**Q** 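First the structure, which I've put down as structure tokens, then a few questions once you've had a look.
Values below: every heavy atom of this structure, side chains too, minus hydrogens, waters and symmetry copies. Here is how names work: the chains are called A, B, and so on, in the same order as the sequence lines, proteins then strands, and each is numbered from 1. Bear in mind the structure is a predicted one, so any value in this text is a computation, not a measurement.
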Amino acid sequence: MQAIIEPSIPSRTHGFKEGTRGKVPDFLSLIRACTRNRDLQRGIRLHDDILKRGLLGSHAGALVTMYAKCDALLKAKSLLDRYDIKDVIAWTALIAGYVRAGQCEDAFYLFEHMQQKGISPNAVTYACILKACGTLGALEMGKQIHDEIMKQGLLQNDVVLGGALVDMYAKCNTLAKAREVLDILPLRDVISWSALIAGYVQWGQAEEAMSCFESMQKENISPNAVTYACILKACGMLGAIDKGKQIHEEIESQDLLQDDIVLGGVLVDMYAKCGDLTKAHCVLDELPSRNAVAWCALIAGYAQQGQGEEALKRFEQMQQEGIPPNGVTLCCVLHVCSQLGRIEEGHNYFTDMGVKYGLKPPIEVYASMVDLFGRAGHLEKAVRLIREMPCCNHSVIWRALLAACRKWGDISVGRWAFDRAIEVDKKDGAAYILMANIYAAAGLQESAKGIETMRVENNAW
DNA sequence: CTAGGGTTAG
């Protein structure tokens, strides 16, 4: 008698092994599908189901990966802590999640912790950690990772890792090293080149960025939207409007403005920085979608040229188009108001952010507002604003107030601001210097010297 | 198959 062989259904197609007894779902495939689609809600239901069936032990790694990819880092971490997960992918996924969230120290901690547990990092793990190094400017750590990568020969067949390495050196302001690494990479592509170009732009070396752009093309690697964005920024820094126009034409001929929201803003910024506001405005008008960044580039351009009234008009126009201002836009507008001495108007824009748009002003906006009041000599208004702030535990706030106190020679408010500044950051060199200046300007040389002594004692610069 | 690299306005 022949046994009945049940048909096997590939798990990747449905996720259910329907032929097997009791229809046990293939949870691993289902979780992976949630990871792919970033479907957190479905992932949570699967977790629940798996828990009820007592299957968590064998699925914890996949769940950590899913939660991490969905940016549910606390859930991922608590599973990782509770189960003895040996899966390098799960650890790496959580490390990547922390790096995405800007929690690079947590990423480093996990990286150490996984190795203590005997789990070896692989190329993907190293790429994540390199990104964390770049974000924090942790050059020494980055070098150690580089050494390890070389020992293991991981660059031979991995273009991504090479790009991450170039980016790390570039972000740490070691551009010669970044260039050297790129030159000897076995594999390099438009992204590794763009990482280097972006680095030169970030650190103010626009000429070098231009020259890399040429070298890249000599290697027959074509620029993409990101490369163009970097190069346009370099053009703006150099005031190289002819080169900028040429890049603009290339972008148009490749129709890149249609599906890249970033490029439009950079283009407006390039023309604005080169002083051609008419052209900047023209480009903005023709963009398929105008966002706050593109508008802000134009507004800043007008402000830069001393055309504050025009800048404020554009700000109104932006809002009429239904685009809410964000923190950066508002800082820029408040700066314009400060230039024009339009205190009330600036304060109205500030309150609009909460009242009209329901947005919580970021700390930089509060600092701009303190600056606006302070420069105008309304120190008591600046102080009142600080007292009403949800949190004034930031150096920028106290520096703005101190700068105003220096301008108006207010020793008592100045001393108060200085004491708070030092509470926040004992090494806030700018605060010491501002306070010493305030005392010195008032003829209180002994007090000024006292502040200077404090600065040296606290090793502040 | 489940984890990884470059970009924008002050």
**Q** Among residues at least two apart in sequence or on other chains, which ones pass side chain to side chain donor-acceptor pair (under 3.5 Å) with A:Glu345?
**A**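 Partners of A:Glu345 by the side chain to side chain donor-acceptor pair (under 3.5 Å) criterion, ordered by chain and then number, come out as A:Arg342, A:Tyr349.
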**Q** Would you call A:Asp71 and A:Arg100 a salt bridge, taking side-chain N to carboxylate O under 4.0 Å as the test?
**A** yes
**Q** Got more than 12 heavy atoms from elsewhere within 6.0 Å of CD, A:Glu207?
**A** no
**Q** Any non-hydrogen side-chain atom of A:Trp398 less than 4.5 Å from a side-chain atom of A:Ile386?
**A** yes
**Q** Do the side chains of A:Glu208 and A:Arg179 get close enough for a salt bridge, i.e. N-O under 4.0 angstrom?
**A**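 Answer for the salt bridge query: no.
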**Q** Counting only heavy atoms and a strict 4.0 angstrom limit, can you tell me which residues of residues 289-297 of chain A come near DNA chain B?
**A** A:Ala292, A:Val293, A:Cys296
**Q** For the pair made of CD in A:Glu364 and C1' in B:dA9, what is the distance, rounded to whole Å?
**A**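 Rounded to whole Å, this separation is 14 Å.
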**Q** Suppose we screen for side chain to side chain donor-acceptor pair (under 3.5 Å). Which residues come up paired with A:Tyr169, at least two apart in sequence or across chains?
**A** A:His146
**Q** Just to be sure I understand the geometry, which residues of residues 241-262 of chain A put a non-hydrogen atom under 4.0 Å away from DNA chain B?
**A**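 Per residue number, the list reads A:Val262.
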**Q** Could you state the atom-to-atom distance from CG of A:Leu267 to P of B:dT8 in whole Å?
**A** 15 Å
**Q** With sequence neighbours excluded, what pairs up with A:Asn173 under the side chain to side chain donor-acceptor pair (under 3.5 Å) test?
**A**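 Scan of A:Asn173 (side chain to side chain donor-acceptor pair (under 3.5 Å), adjacent residues dropped) gives none.
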**Q** Nearest whole angstrom, please: distance from the P of B:dT8 to the CD1 of A:Ile231.
**A**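 About 12 Å, once rounded to whole Å.
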**Q** Please encode protein proximity along nucleotides 1-6 of chain B as a string of B, S and -, counting only heavy-atom distances under 4.0 Å.
**A** BBBBBB
**Q** Angle class for the A:His113/A:Trp91 ring planes (parallel below 30°, perpendicular above 60°, tilted otherwise)?
**A**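 Geometry flag for A:Trp91 against A:His113: tilted rings.
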**Q** For A:Tyr109, does the OH atom have more than 12 heavy-atom neighbours from other residues, nucleotides or ligands under 6.0 Å away?
**A**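 Not more than 12 within 6.0 Å, no.
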**Q** Starting at NZ of A:Lys143, measure out to SG of A:Cys133 and round the result to the nearest 0.5 Å.
**A**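 Between A:Lys143 NZ and A:Cys133 SG, I get 12.0 Å after rounding to 0.5 Å.
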**Q** Whole Å only: how far is the CE atom of A:Met353 from the C1' atom of B:dG10?
**A** 13 Å
**Q** Specify the separation, in whole Å, of atom CE of A:Met237 and atom C1' of B:dT8.
**A** 14 Å
**Q** Considering only NZ, NE, NH1 and NH2 on the basic side and carboxylate oxygens on the acidic side, decide whether A:Lys243 and A:Glu214 come within less than 4.0 Å.
**A**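 Yes, A:Lys243 and A:Glu214 are salt-bridged.
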